[in-house]
Amino acid sequence: GSIAKRQQEESLSREEAIKSFVEHIPQKRILDPEEVANWTWIICSKISDSLTGTNISLSGGWVMH
């Protein structure tokens with residue numbers, strides 16, 4: 001993904017590439033897999049029966065960037 005590409009293109013360590021990547025995200029962090037799983041559960045559950053034709057961006061604000 002983006003981190004591996006940045007790591008390779010800029011000859012950075014994985015930690016440096018993550019730090020470089022995260023500084024451009026408004027929340028200054030990468031989402032936890034559990035956060036994505038929670039939204040997946042919500043979308044697949046009865047709670048979202050009336051949810052239609054929408055996009056839910058789980059990007060920590062990256063899309064706004």
Is any side-chain heavy atom of I30 closer than 4.5 Å to one of I3?
yes
For the pair S20 (side chain) and E16 (backbone), establish whether a donor and an acceptor sit closer than 3.5 Å, ignoring hydrogens and angles.
no
Got a second to check how far E23's CD is from K19's NZ, nearest 0.5 Å?
8.0 Å
Just by modelled atom types, is the Q7 backbone N or O under 3.5 Å from a matching donor or acceptor in the R14 side chain?
no
How about I18 and L12: do any of their side-chain heavy atoms sit closer than 4.5 Å?
no
Does E10, at its CD atom, have more than 12 non-hydrogen atoms belonging to other residues, nucleotides or ligands within less than 6.0 Å?
yes
Which pair of heavy atoms, one from S48 and one from I43, lies closest together, and at what distance?
OG-O, 2.7 Å
Is L31 linked to W39 within one hydrophobic cluster, defined over Ile, Leu, Val, Met, Phe, Trp and Tyr using a side-chain heavy-atom separation of less than 4.5 Å?
yes
R29 and E35 ion-paired at < 4.0 Å:
yes
In Å and rounded to the nearest 0.5 Å, what is the NE2 to OG distance from H24 to S2?
11.0 Å
Smallest heavy-atom separation, S57 atom then S59 atom, equals OG-OG, 3.2 Å
Between I42 and L51, is a side-chain contact (heavy atoms from CB on, under 4.5 Å) present by the stated rule, with each step listed?
CA-CA 10 Å; I42 290 169; L51 183 65; over 6 Å; no
Atom of P26, atom of G60 and distance for their closest heavy-atom approach:
CD-O, 3.7 Å
